[in-house]
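Sharing a structure below in structure tokens format, with a few things to ask.
In what follows, every chain begins at residue 1, and chains take the letters A, B, ... in the order their sequences are listed.
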There are 2 protein chains.
Amino acid sequence: PKKSNLLLFGKRGMSLEDDINASNAFYLANNVAVIHKKPTPIKIVKVDYPKRSAAVIKEAYFQTASTTDYNGIYNGHYLDFEAKETKNKTSFPLSNFHEHQIEHMKACVLQKGISFVIIKFATLDKLYLLPSKTLLTYWDQQNKDGRKSIPLKTIQTEGFELQYTLNPVIPYLKYVDKMIEHL
Amino acid sequence: PKKSNLLLFGKRGMSLEDDINASNAFYLANNVAVIHKKPTPIKIVKVDYPKRSAAVIKEAYFQTASTTDYNGIYNGHYLDFEAKETKNKTSFPLSNFHEHQIEHMKACVLQKGISFVIIKFATLDKLYLLPSKTLLTYWDQQNKDGRKSIPLKTIQTEGFELQYTLNPVIPYLKYVDKMIEHL
Ligand SMILES: [Mg+2]
Ligand SMILES: [Mg+2]
């Protein structure tokens, strides 16, 4: 609906999250998909209610999210994904994930959702979409074979390289389409 | 997977949100659906990082959510809903919704999501699931016919009355099944 805004989305931001948020804004404005970043959960301890102005949170703490960063709907499909950056050059460390995020991904896959990770290799300036299936296999194997990371080669073979474009900045739905084809 | 937890979910809580959260915990533990409440978005202004302890948020403000309270996946279907309580006895005031929540619902419907509202008439102690379609019709008509609320009678005719049960506390997916049947 907001066609006049289209050009505003074409700037590559500072972080992977900025770029994904801009891409989601583009997809939303063009009625392609409704995907939002979930707010960080915060435990509020103390709030002041000053007269004639907004409530002020005076003491609060960050909580660990029990799900992934993003979810939403794309043409009838539930999408659920996590965005992660690494400075590593040859593999992606599994220590970037928490057990509860993995549990959440498994639960989403079980419910027939489209679950994946967008991984940025910051040093290489390379970006990949990796279906959760591969991640979950590596996760479950780490206690058997001891491997604590996913090799970049595996990510390149089983995932999709994402190229930055003008609009959207990260056209990740193109590769979600490929995941849907293989459902 | 957490079968031993099943009995823990059977208590009716103080608020509609508590009861929905307990129902979602039940559905999740039994691999029925993955539905979560979105955290309230908060604008953080000042954070202290004390030595040897967790970061403390010292100044922050509540922000208006741009989406609905709950979303997730149920057997391949994207669900998206808002929970609302009213003390009214004969109708539900549209002023309970913000324009951006309505826009979000419209966008979800356009993407073929299952969008609805769970409305509690607190004084009557009655609970209904109302498909967004009805809400959106009333919303769009309010500037034409001037009606600023949805009559309870309409909610009873076009929605579904929810009965509290032991597990889950609010078995709303039973009526989501009916919405899916009519897709
Ligand atoms: Mg992340
Ligand atoms: Mg609400």
Around B:K84, counting heavy atoms of other residues, nucleotides and ligands shown, do more than 12 lie under 6.0 Å from its NZ?
yes

For A:V47, is it the side chain, the backbone, both or neither that has a heavy atom under 4.5 Å from a heavy atom of chain B?
side chain

Quick check on B:I44 against chain A: is it the side chain, the backbone, both or neither that has a heavy atom closer than 4.5 Å?
side chain

After noting the C-alpha distance and the side-chain angles of A:L127 and A:Y172, does the key distance pass the side-chain contact (heavy atoms from CB on, under 4.5 Å) rule?
CA-CA 10 Å; A:L127 208 56; A:Y172 66 91; over 6 Å; no

Would you check if B:L28 and B:I35 make a side-chain contact, meaning some heavy-atom pair closer than 4.5 Å?
no

Quick one: which of B:V45, B:I73, B:V56 has the most heavy-atom pairs under 4.5 Å with chain A, could you say?
B:I73

Quick check on the interface: out of B:T40, B:V32, B:I114, who has the most heavy-atom pairs with chain A under 4.5 Å?
B:V32

In terms of heavy-atom pairs under 4.5 Å, which option from B:I57, B:T67, B:L110 contacts chain A the most?
B:I57

Against chain A, label B:I42 side chain, backbone, both or neither, depending on which of its atoms sit under 4.5 Å from a heavy atom there.
side chain

Among A:S66, A:A33, A:A65, who wins on heavy-atom pairs under 4.5 Å with chain B?
A:A33

With side chains defined as the heavy atoms from C-beta onward, is the minimum distance between B:Y138 and B:T134 less than 4.5 Å?
yes

Let me confirm one number: the CG-NZ distance from B:D80 to B:K38, rounded to the nearest 0.5 Å.
5.5 Å

Most heavy-atom pairs under 4.5 Å with chain B, out of A:Q111, A:Q63, A:E59, belong to A:Q111

For a 4.5 angstrom cut-off between non-hydrogen side-chain atoms, does B:Y175 reach B:I180?
no

